[in-house]
2 protein chains.
Amino acid sequence: MKKKDVHSYTYAYEYIRDQILSGKIDPETKLTETSLAEKLGISRTPIRSAIAKLEQEGLIKNKRIFIPSSIDMRNIFQVRILLEGYAAKYCANFITENALLRLRECVDIGHNGTTEEIMNANYQFHQIIVEEANNPLITDIIERMQSIIYLARKTVVQQKRPFLIEEHELICNAIESHNGELAEQLMIEHLQKDLEFSLNHISN
Amino acid sequence: MKKKDVHSYTYAYEYIRDQILSGKIDPETKLTETSLAEKLGISRTPIRSAIAKLEQEGLIKNKRIFIPSSIDMRNIFQVRILLEGYAAKYCANFITENALLRLRECVDIGHNGTTEEIMNANYQFHQIIVEEANNPLITDIIERMQSIIYLARKTVVQQKRPFLIEEHELICNAIESHNGELAEQLMIEHLQKDLEFSLNHISN
DNA sequence: AATTATAAAATTGTGTACAATTTATTTCAT
DNA sequence: ATGAAATAAATTGTACACAATTTTATAATT
C-alpha cells in the first residue's frame with residue numbers, strides 16, 4: 001500500500017501487529033524469529049527489529065503475545081487519565097481553531113458514521129486533544145500505548161457503549177468554552193467509563 | 001540481580017550511554033554503527049540493538065546525541081509532575097512500612113552523604129515513590145526518561161540547589177502522615193524548582 | 001513415580017558479506 | 001561562481017552462517 005515503506009521490518013511490524021490485534025495468533029504461541037521469518041519470506045534481522053518495537057509497545061512480552069489483565073488495563077487507563085486529563089485541561093486554553101473544528105467533526109462522525117468510521121473518529125478525537133497539548137513526549141507515550149488502547153476502543157465502539165459520543169460532545173463543548181477544569185473532569189470520567197465497560201465486555 | 005551480562009549489546013548499550021552522559025562524545029558527531037562496532041571490537045548487530053534502545057530512551061535521535069532543549073526539559077518535567085505527583089498522592093495511603101523507612105534513609109543520606117551518595121539517594125527517593133504507586137507502566141515510563149532526568153539531577157546535586165533535601169523531607173513527612181493532597185502538591189513544587197534550577201544552571 | 005542428570009533440539013546472539021539507500025563529492029552547463 | 005546532474009563514498013538494511021544459550025526431551029538414579 002505504501003511506496004516508502006518497502007522496508008521489510010516495517011512490513012513485518014505491521015503484519016505481526018495486525019495478526020495480534022485481530023486475534024489471529026493463539027496467545028499461547030511463542031513468536032519465534034525463525035518461524036515468522038519463514039512465514040513472511042524474509043530474514044530474521046527485520047523480524048527482530050519488528051519484535052523489538054512491538055515489545056516496547058507492550059504488545060509482546062518475552063516473545064509471547066501480551067494479553068493485558070484487568071489490572072494491566074487499569075494501569076494503562078490510569079496513565080491515560082493523568083496525561084489525557086491534563087491535555088484536555090490545557091486544550092481549553094490553547095487549542096487552535098482548526099483543531100477545534102476537527103474535534104467537532106469527530107463528534108459528528110460519532111453520531112452518523114459507520115462502525116469503522118466511528119472507530120477512527122474515536123481515535124482521532126483523543127489524538128487531537130493529546131497533540132494540542134503541545135508536548136511531544138506525552139504524544140509519544142500515548143502513541144506507544146495505542147496497540148493496547150485499540151483493544152479497548154474496539155470493545156467500546158463495536159458493542160456500542162451508551163453515551164460514548166455524548167461524552168465526547170460534552171468534552172468538546174467544555175474545551176470550546178475554555179473551561180479547563182470541566183474538560184479535565186469530563187475526560188477523566190469518560191475514560192473511567194471506557195475502562196469499566198471494557199472490563200465488563202471482554203470481547204476477544 | 002546481576003545476571004550473565006556478557007552480552008555484547010548490553011556492553012555496547014552501557015558504554016555508549018556512559019559516553020553520552022559524561023559528555024565524552026561531541027554532540028555533533030553522528031553515531032554510526034560501523035565506527036562504534038570498530039571501537040568496541042564487536043559487530044554491528046549488537047550495536048544496532050543498543051542504539052535502538054537508547055533511541056527509545058530519547059538519548060539518541062536520528063543517530064545523533066539528543067541534547068534536550070529548554071522546551072524538551074519542560075515537557076519531560078511536565079510528565080514527571082503528572083506521574084510522580086500522582087504517585088506521591090497514592091503513596092500517602094498505600095506505602096509499605098519498609099518503603100517509608102527507605103524513603104527516610106534517602107533523606108538522611110541527603111543531609112550527610114557524599115555527592116555521589118546524594119546523587120544515588122536522590123534517585124532512590126523518587127524511585128521508591130514511583131514504585132510504591134504499584135503501576136508498572138508508570139515505573140516503565142519514568143525509567144525510560146531516566147537518562148535525561150540524570151542530566152538534571154547532576155546539575156541540581158552538584159551545584160547544590162538550596163532546599164533540595166528539605167523538600168524531600170517535607171514530602172516524606174506528608175506521606176508518613178497520610179496527607180496525599182499535600183504530598184502531591186509538595187512533589188509538584190519540588191519538581192518545578194528542580195526544573196527551573198536546571199534550566200538556569202546548564203552545566204554541560 | 002519423582003527427581004536429577006544428560007543429550008538433543010530449538011532459539012537467540014553475533015559476525016560477516018553484500019544490497020539498497022542515503023549522503024557527500026565532483027562534474028558540467030549556465 | 002551557482003545550481004543541477006552525475007558519480008562516488010558512506011551508511012544502513014538484509015540475508016545467512018555459525019556460536020552461545022535456552023528449552024525440551026530422554027535417560028538414569030533413587
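Remember, predicted model here, so these are calculated numbers, not experimental data. Throughout, protein chains are lettered first and strands after them, A, B, ... in sequence-line order, and every chain is numbered starting at 1.
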Which residues pass the side-chain hydrogen bond (donor to acceptor under 3.5 Å, both in side chains) test with Asp140(A), not counting sequence neighbours? none
Neighbours of DNA chain C within residues 50-66 of chain A, by heavy-atom distance under 4.0 Å: Lys63(A)
Could you list the protein-to-nucleotides 14-17 of chain C atom pairs, N/O on both sides, closer than 3.5 Å?
residue : atom : partner  : partner atom : Å
dT14(C) : OP1  : Ser8(B)  : N            : 2.5
dT14(C) : OP1  : Ser8(B)  : OG           : 3.4
dG15(C) : OP2  : Ser43(B) : N            : 2.5
dG15(C) : OP2  : Ser43(B) : OG           : 2.7
dG15(C) : N7   : Thr45(B) : OG1          : 3.0

Residue set satisfying salt bridge (charged side-chain N to carboxylate O under 4.0 Å, His left out) with Arg144(B), at least two apart, ordered chain then number -> none
Salt bridge (charged side-chain N to carboxylate O under 4.0 Å, His left out) pairs touching residues 34-46 of chain A, sequence neighbours excluded, are Glu33(A)-Arg44(A)
Can you list every ring-ring contact (aromatic ring centres under 6.0 Å, His included) pair that touches residues 124-146 of chain A, not counting sequence neighbours? Phe125(A)-His168(A), His126(A)-His168(A), His126(A)-His190(A)
Nucleotide dT12(C), atom P - distance to CD of Glu38(A) in whole Å: 12 Å
NZ of Lys30(A) versus C1' of dT22(D): gap in Å, rounded? 8 Å
Could you check whether Arg74(B) makes a cation-pi contact with Phe77(B), meaning its NZ or CZ is under 6.0 Å from the centre of the six-membered ring and within 45° of the ring axis? no
Separation of Glu33(A) atom CD from dA15(D) atom C1', in whole Å? 13 Å
Take the protein atom CG of Leu40(A) and the nucleotide atom P of dA15(D), then report the distance between them rounded to whole Å. 10 Å
Pair up each side-chain donor or acceptor in residues 59-68 of chain A with any protein partner under 3.5 Å, not counting sequence neighbours, and list the distances.
residue  : atom : partner  : partner atom : Å
Arg64(A) : NE   : Glu28(A) : O            : 3.1

Among residues at least two apart in sequence or on other chains, which ones pass salt bridge (charged side-chain N to carboxylate O under 4.0 Å, His left out) with Arg102(B)? none
Can you give me every donor-acceptor pair (side chain of residues 127-135 of chain B, partner residue at least two apart or in another chain, under 3.5 Å) with its distance?
residue   : atom : partner   : partner atom : Å
Gln127(B) : NE2  : Glu131(B) : OE2          : 3.3
Glu132(B) : OE1  : Thr96(B)  : N            : 3.2
Asn135(B) : OD1  : Leu137(B) : N            : 3.0
Asn135(B) : OD1  : Ile138(B) : N            : 3.3
Asn135(B) : ND2  : Asn75(A)  : O            : 3.2
Asn135(B) : ND2  : Asn75(A)  : OD1          : 3.4

